[in-house]
Amino acid sequence: MSFSRPDIIRPPSEWKSYFLPLTSGCSNNTCTFCAYHGSKLQIRDVADVKGEIDAVALFTRSGIRVPNIPGVVYAIAQDWDGKRIFLQDGDALVYPFPKLREVLLYLNEKLPRVERIGTYATPQDILRRSVDELKELRQLKLGIFYTGLETGDDELLQKIGKGVSSDQVIEAGKRVKDAGISFSVTIILGLGGIEASKKHGLETARVLTEIDPDYVGALTLTLVPGTPLYEEWERNEFHPLSPFQSLEELKSITENSSFTDCFFSSMHASNYLSVRGKLPQDKARMLKQLGKVLAARDASLLRPEFLRGL
Ligand code: SF4
C-alpha cells in the first residue's frame, strides 16, 4: 500500500518548521478523546523519505522542483527558514530505530543548516529506547519530544485508553532529560469531566512536578465526533466542564505544581484563556491573572466557542 501523507497536526511552537512525514497515524490509537483514535499506523519507506529530503535540499538551494514530488512539499518549503524540522505523524518516534538514525544522518548531511528536529513521542515509544539510544538521536539534532501526559490521574489514564501509568510517563521523562533532549508535555483541561475534575487537577500537578519538564502546554478538551468520548457525551455519560470550570482546573494545576525551569502556557487555540509564563518566577502573576478572570466570571474575557480550534 502506498504511503498516504498525513494532514499537518503540530504543536503550536512548531509553526515555522518543515513538516516531514515518517509515519501516518499513531501506534497507540486507543485514546478515547483523540482524532487519531482507530487510525492505522503507516511506516514510510526510508527511500521515499530520502527522496523528499533531496527535493527540499535542491529546492532551498536553487529553486529547482523535481517532478513527481507532491506540491505540498514546495508549499511548505517555500516559506521555510531552514532551521527546524518536525517529524510527522502522531508519534514519529515509533519509526524503527535504525531507519530513524538513517533518516537523521541524511537530514544532517543534506540540510546542514537545520538546528533542531522535533517529534511527537508517546511514553511507550520513549520507554522502548535506552538513554544511550536517545543520546544518539540527540547528537543527530533530534532536540525536542512532545509527549501527551494528558492527566496524572491513573484512574483517568486507564479510562481514556492511554496505555501507560503516571509512573511510566515519569520514567519516560527522566530518560528524555538524561539524554539532554528538551521535553514538552501536554495536559488536557476538562478531560475527566465534572466528576473527575478535582482529582485530575491535583494528580496532574503532582506528576508534572515529578517530571519537571522544560515546557508544559495545556489544551482544553474538544469533543471530536466519531471518538468514544464524544459518544459517551451523546449518551449523557460524560459531563464536560464549563469554560470557567476548566480555568479552575488550570488554576489548580498552576498552583499545585512546582518546576525548576519551565515555560508553562495555555496558548493552544483550544483554550478559553491564554496564560503563559516561566515557572517558578511568573507563578504569582499567572495565578493573579486566572484569579481575576475567575472572579469576574465575564464570558467576554474568554475566547468564544466558535474560535476554539483543535
Ligand atoms: S497516543 Fe497521542 S496521538 Fe496517539 S491516540 Fe493517544 S493522544 Fe492520540
Side-chain angles (χ1 to χ4, degrees), residues 4-14 17 19-44 86-96 100 118-129 144-173 175-176 183-193 196 200 203-204 207-208 211 213 215-233 238 240 268-271 309-310:
S4 333
R5 195 180 188 93
D7 290 341
I8 295 171
I9 297 178
R10 58 158 179 87
S13 54
E14 293 286 336
S17 294
F19 302 102
L20 179 68
L22 301 189
T23 63
S24 173
C26 168
S27 68
N28 178 48
N29 60 4
T30 53
C31 301
T32 61
F33 60 89
C34 179
Y36 284 100
H37 183 272
S39 65
K40 296 261 180 297
L41 180 73
Q42 270 194 299
I43 302 279
R44 191 178 182 190
F86 184 73
L87 304 176
Q88 292 180 271
D89 193 21
D91 67 330
L93 191 65
V94 78
Y95 205 59
L100 182 56
T119 182
Y120 283 129
T122 63
Q124 293 93 319
D125 296 333
I126 296 166
L127 293 173
R128 271 193 290 273
R129 306 272 73 93
I144 186 163
F145 287 173
Y146 298 90
T147 295
L149 163 65
E150 332 300 7
T151 177
D153 176 355
D154 278 300
E155 210 180 323
L156 187 53
L157 278 171
Q158 199 174 17
K159 192 164 169 234
I160 59 168
K162 194 69 195 171
V164 278
S165 66
S166 61
D167 280 350
Q168 286 173 297
V169 189
I170 292 166
E171 169 58 25
R175 277 192 212 181
V176 175
F183 199 38
S184 180
V185 171
T186 303
I187 56 172
I188 303 182
L189 305 174
L191 188 59
H200 171 44
E203 287 294 281
T204 301
V207 175
L208 286 176
I211 298 174
Y215 304 91
V216 173
L219 276 65
T220 298
L221 179 70
T222 305
L223 290 164
V224 179
T227 58
L229 192 61
Y230 188 90
E231 287 161 13
E232 269 182 53
W233 170 69
F238 178 78
H268 188 269
S270 62
N271 292 302
L310 262 183

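Each ligand, and each atom within it, is numbered from 1 in the order the structure gives. Start at 1 with the first residue, then count along the sequence.
- Between Thr220 and His268, the closest side-chain pair of non-hydrogen atoms is not below 4.5 Å.
- Using a 4.5 Å heavy-atom cutoff, the side chains of Val185 and Leu208 are in contact.
- Inspection of the environment of atom 8 (Fe) of ligand 1 yields the following protein N, O or S atoms under 2.8 Å: Cys34 SG.
- Close to ligand 1: Thr122, with a non-hydrogen atom less than 4.0 angstrom away.
- Below 4.0 Å from some heavy atom of Lys162 lie the following atoms of ligand 1, by number and element: 1 (S), 2 (Fe), 6 (Fe), 7 (S).
- Take Glu171 and apply the side chain to side chain donor-acceptor pair (under 3.5 Å) test, not counting sequence neighbours, and it matches Arg175.
- Within ligand 1, counting atoms from 1 as listed, the ones closer than 4.0 Å to a heavy atom of Glu150 are 7 (S).
- Heavy-atom minimum distance, Ser27 versus Asp125: OG-OD1, 4.0 Å.
- Phe33 and Tyr230 have their aromatic ring centers separated by at least 6.0 angstrom.
- By the side chain to side chain donor-acceptor pair (under 3.5 Å) test, Asp154 is found to be paired with Ser166, residues two or more places apart in sequence or in another chain being considered.
- Legend: residues meeting salt bridge (Lys or Arg N to Asp or Glu O under 4.0 Å) with Glu231, ordered by chain and number and at least two apart, are absent.
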